[in-house]
Amino acid sequence: MKPLRLAAALAALVATTAFAQTKWDLPAAYPATNFHTENIAQFAADIDKASGGKLKITVHPGASLFKANEIKRAVQGAQAQIGEVLLVNFANEDPIYEADGIPFLATGYAGAMKLYKAQKPFLDKKLAAQGMMLLYTVPWPPQGIYTNRDLKSAADMKGLKWRAYSPATAKIAELVGAQPVTIQAAELPQALATGTVDAYMSSGSTGYDSKTFEHIKKWYDTQAWLPKNAVIVNKKAFDALDKATQAAVLKAAADAEVRGWKLSEEKNGWYKEQLQKNGMAIIDPPAQLMTDMKKVGDTMLEDWLKKAGADGKALVDAFRKM
Ligand code: PCA
């Protein structure tokens with residue numbers, strides 16, 4: 001080797017040993033402009049900075065790397081080291097993941113935070129058993145009903161072609177006599193355009209992202225529950241980081257959680273304004289509709305408690321004491 005090339009090769013070797021850079025992929029299921037994804041981008045930037053460039057996280061929004069319901073398994077199997085999941089999607093693995101998908105168990109941001117505190121020890125335990133770690137969660141804004149129908153009671157929902165995003169939202173459809181079709185958020189605009197679905201429950205955020213106002217003109221603001229996204233990491237990938245980088249990740253996660261909960265609440269109003277500006281009526285649900293939907297919630301809580309056993313009871317008891 002020529003002396004110059006040898007010197008360059010040596011310099012490169014020194015650089016890589018002194019500065020081992022780790023690259024992680026972070027699949028996410030929602031658009032780059034959604035507040036969850038923007039928060040994740042900030043989280044990744046914070047880690048880059050705090051680790052002095054040692055850990056680079058590439059965010060893949062819009063379910064471009066994995067579909068929404070595939071992300072958790074991808075992180076578990078380390079096809080992706082870190083990822084964002086919607087917890088309620090994994091209800092069939094363990095009811096613990098579904099606690100924040102039960103209508104009217106916890107409402108409002110304060111209620112959702114209490115439920116999170118009650119749920120977190122169980123989430124930590126379950127994810128640890130699956131070789132993963134919970135880094136942080138952020139709630140979606142409160143869930144309401146998109147439909148063109150004039151709803152006076154739940155009976156008016158019979159036969160709706162209902163887009164579900166989780167087992168719990170499919171269950172709601174069953175209980176009100178609608179027909180559930182599971183469709184991830186990234187495919188919702190197309191499902192609305194083709195008429196595959198004509199109703200669903202979700203936040204103002206997803207109504208805005210999917211331009212639901214182009215097809216549906218009413219949103220009943222039932223504020224029924226606030227499901228959470230969680231950023232989870234493969235435990236082996238985390239353990240492979242040096243201590244300082246691990247600390248940088250945990251600090252950035254704690255900051256992202258505080259920032260995300262605040263963002264969600266602040267943007268809830270903004271999303272509703274945007275829906276209205278685009279011709280959608282935001283409707284205070286009539287009393288009978290609320291009574292009926294609360295009954296749906298009661299039924300689902302009863303079923304959930306049966307499935308979730310002692311852990312479920314402990315979770316709900318802890319929540320109700322807060
Ligand atoms: N948006 C996501 C989940 C909950 C929400 O508000 C969705 O509709 O897929």
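Counting starts at 1 for both ligands and their atoms, following the listed order. Computed from heavy atoms alone, side chains included, the values below leave out hydrogens, waters and symmetry copies.
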Taking 4.0 angstrom as the limit and counting only heavy atoms of S202, give me the atoms of ligand 1 inside it, by number and element. 1 (N), 2 (C), 4 (C), 5 (C), 6 (O), 7 (C), 8 (O)
Ring of F90, cation from K72 - is the NZ or CZ under 6.0 Å from the centre and inside 45° of the axis? yes
Taking atom CD of Q190 as the centre, does the number of heavy atoms from other residues, nucleotides or ligands within less than 6.0 Å exceed 12? no
For P227, the ligand 1 atoms with a heavy-atom partner under 4.0 Å come out as 4 (C)
Any atoms of ligand 1 less than 4.0 Å from a non-hydrogen atom of A185? List them with their elements. 9 (O)
Mode of Q143 contact toward ligand 1 - side chain, backbone, both, neither (heavy atoms, under 4.0 Å): side chain
Evaluate the ring planes of F35 and Y271, with Trp represented by its six-membered ring, and classify them as parallel (under 30°), tilted (30 to 60°) or perpendicular (over 60°). tilted
Side-chain contact test, heavy atoms from C-beta onward, threshold under 4.5 Å: evaluate it for W140 versus N229 and give yes or no. yes
Please write down residue, atom name and distance for the protein heavy atom closest to atom 2 (C) of ligand 1. T206 OG1, 3.5 Å
May I ask whether S205 has any heavy atom positioned less than 4.0 angstrom from an atom of ligand 1? no
With backbone taken as N, CA, C and O and side chain as the heavy atoms from C-beta onward, which portion of R163 lies under 4.0 Å from ligand 1: side chain, backbone, both, or neither? side chain
Parallel, tilted or perpendicular, as decided by the 30° and 60° cut-offs, for the rings of F213 and Y208: tilted
Between Y109 and S264, is there a side-chain donor-acceptor contact under 3.5 Å, judged purely by atom types and distance? yes
Quick look: S203 vs ligand 1, heavy-atom contacts under 4.0 Å, and the answer is both
